[in-house]
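A quick write-up on the structure given underneath.
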Amino acid sequence: MHPCDDFSIELADEIAQVAFGVQLGQACNGQGVIFLQGTLGMGKTTLTRGILQAYGHQGAVKSPTYTLVEPYQLVDKLVYHFDLYRLADPEELEYMGIRDYFDDDALCVIEWPDKGAGVLPEPDITLTLDKAGEGRNALLQAQTVKGAEILQQLRTITG
Ligand SMILES: Nc1ncnc2c1ncn2[C@@H]1O[C@H](COP(=O)(O)OP(=O)(O)O)[C@@H](O)[C@H]1O
Ligand SMILES: [Mg+2]
């Protein structure tokens with residue numbers, strides 16, 4: 001897509017990471033598919049905690065490493081948090097009925113999406129986390145029209 005459909009931000013620490021997750025959650029408004037890319041320890045789960053806080057989730061966010069997905073039913077929003085780190089074969093996703101999760105009325109946040117290549121749907125946004133000094137850089141790239149709309153919302157929210 002057009003390069004202006006990218007959004008990049010530096011996140012100095014865990015607090016900034018969660019705060020940005022909240023803003024991203026607000027921008028998504030409970031819809032979309034987000035691929036969270038970046039190596040172990042880059043802050044994918046931390047960012048997800050912020051996304052969930054945007055819809056009122058106050059508790060911890062466990063990594064669904066063995067169960068692959070954790071559903072969160074939050075007031076009027078449904079969020080599925082996937083962690084595919086342990087996924088050996090993308091076909092396992094077929095057995096767990098993956099398609100049922102990708103509903104227009106749910107937000108799907110997916111750690112280690114590469115492990116589900118070929119079975120996962122196309123994301124609206126790919127979000128890539130890299131080290132930036134002691135903190136992190138988040139690069140968001142819209143992959144669909146809906147993704148571009150979410151990034152437009154995000155620009156408004158982050159000012
Ligand atoms: N922006 C940031 N700057 C510095 N440390 C961060 C940042 N975001 C998260 N962390 C820290 O990185 C570590 C790993 O975070 P986590 O979310 O579990 O990573 P991942 O899910 O990508 O493996 C945690 O200790 C967390 O506090
Ligand atoms: Mg994680």
Side-chain angles (χ1 to χ4, degrees), residues 6-74 77-93 95-98 101-102 106-143 147 150-151 153-159:
D6 287 3
F7 181 96
S8 177
I9 187 166
E10 288 215 3
L11 304 164
D13 54 21
E14 179 175 342
I15 291 168
Q17 190 91 357
V18 173
F20 178 65
V22 172
Q23 293 176 319
L24 179 57
Q26 289 167 346
C28 290
N29 195 28
Q31 289 194 334
V33 176
I34 300 179
F35 282 6
L36 291 186
Q37 303 180 143
T39 53
L40 209 59
M42 272 310 114
K44 300 181 294 297
T45 303
T46 306
L47 191 90
T48 303
R49 188 169 6 121
I51 292 172
L52 289 164
Q53 282 182 14
Y55 309 128
H57 179 76
Q58 290 303 331
V61 172
K62 55 181 171 184
S63 288
T65 308
Y66 291 96
T67 54
L68 299 178
V69 61
E70 184 70 27
Y72 294 85
Q73 178 68 65
L74 302 160
K77 303 279 194 282
L78 180 58
V79 181
Y80 293 112
H81 175 209
F82 291 81
D83 180 346
L84 305 184
Y85 187 66
R86 298 260 168 214
L87 187 70
D89 185 333
E91 284 220 338
E92 276 180 54
L93 293 173
Y95 305 142
M96 65 187 269
I98 186 88
Y101 293 92
F102 295 94
L107 171 61
C108 289
V109 179
I110 306 169
E111 299 188 39
W112 300 99
D114 291 358
K115 305 260 185 179
V119 176
L120 290 176
E122 291 300 307
D124 295 301
I125 290 171
T126 56
L127 191 159
T128 308
L129 292 165
D130 280 302
K131 277 221 164 204
E134 297 293 299
R136 307 286 186 262
N137 184 264
L139 172 66
L140 290 77
Q141 295 169 297
Q143 308 292 349
I150 291 170
L151 292 193
Q153 266 304 117
L154 189 61
R155 285 188 193 90
T156 308
I157 291 167
T158 57

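Whatever order the structure lists ligands and atoms in, that order sets their numbers, starting from 1.
Nearest protein heavy-atom contact of atom 9 (C) of ligand 1 is Thr46 OG1, 3.7 Å. Protein heavy atom in closest approach to atom 18 (O) of ligand 1: Thr45 CB, 4.1 Å. Nearest to atom 13 (C) of ligand 1 among the protein's heavy atoms is Gly41 O, 3.9 Å. Protein heavy atom at the shortest distance from atom 25 (O) of ligand 1 is Glu14 OE1, 4.7 Å. The protein heavy-atom contact nearest to atom 5 (N) of ligand 1 is Arg136 NH2, 3.6 Å.
A distance-only check finds no donor-acceptor pair linking the side chain of Asp89 to the backbone of Glu92 [under 3.5 Å]. Side-chain atoms of Arg86 never come within 3.5 Å of backbone atoms of Leu68 as a donor-acceptor pair (strictly under, hydrogens ignored). Put simply, the side chain of Asp6 never gets that close to the backbone of Gln141: no donor and acceptor are under 3.5 Å apart.
The side-chain hydrogen bond (donor to acceptor under 3.5 Å, both in side chains) test applied to Glu111 returns Thr45, His81, not counting sequence neighbours. Partners of Glu14 according to the side-chain hydrogen bond (donor to acceptor under 3.5 Å, both in side chains) rule, which considers only residues two or more places apart in sequence or in another chain, are Arg49. Judged as a side-chain hydrogen bond (donor to acceptor under 3.5 Å, both in side chains), and not counting sequence neighbours, Gln23 has no contacts.
Between Tyr55 and Tyr72, the distance from one ring center to the other does not fall under 6.0 angstrom.
Here Ile110 contributes atom CD1 and Thr126 contributes atom OG1; the two are 12.0 Å apart, rounded to the nearest 0.5 Å. Within the model, atoms OG1 of Thr48 and NZ of Lys62 stand 14.5 Å from one another, a figure rounded to the nearest 0.5 Å.
Proximity to Glu134 (heavy-atom distance under 4.0 Å) selects the following atoms of ligand 1: 3 (N), 4 (C). Close contacts of ligand 1 with Gly43, meaning ligand atoms under 4.0 Å from a residue heavy atom, involve 9 (C), 15 (O), 16 (P), 17 (O), 19 (O), 20 (P), 22 (O). The Ala12 neighbourhood of ligand 1 comprises atoms 3 (N), with distances under 4.0 Å to a heavy atom of that residue. The ligand atoms of ligand 1 that sit less than 4.0 angstrom from a heavy atom of Leu11 are 1 (N), 2 (C), 3 (N). Residue contact check: Lys44 has heavy atoms under 4.0 Å from atoms 17 (O), 19 (O), 20 (P), 21 (O), 22 (O), 23 (O) of ligand 1.
Residue Asp13 touches ligand 1 through its backbone alone, judged by heavy-atom distances below 4.0 Å. Residue-level proximity to ligand 1 for Glu111 is carried by the side chain, the only part with a heavy atom below 4.0 angstrom.
Taking the side chain as every heavy atom from C-beta outward, Ile150 and Cys28 approach each other to under 4.5 Å.
Within a 4.0 Å radius of atom 20 (P) of ligand 1, the protein has at least one heavy atom.
Looking at every heavy atom in both residues, Pro123 comes nearest to Gln143 through O-CB, 3.2 Å. For Leu139 against Ser8, the heavy-atom pair with the smallest separation is CD1-CB, 4.2 Å.
An N or O contact shorter than 3.5 Å is missing between Gly135 and ligand 1 by distance. Considering backbone and side-chain N/O of Leu40, none are found under 3.5 Å from N/O of ligand 1.
Residue-environment remark: CD1 (Ile15) stays at or below the threshold of 12 foreign heavy atoms within 6.0 Å.
Among protein atoms, those of element N, O or S found less than 2.8 Å away from the Mg ion (ligand 2) are Thr45 OG1, Glu111 OE1.
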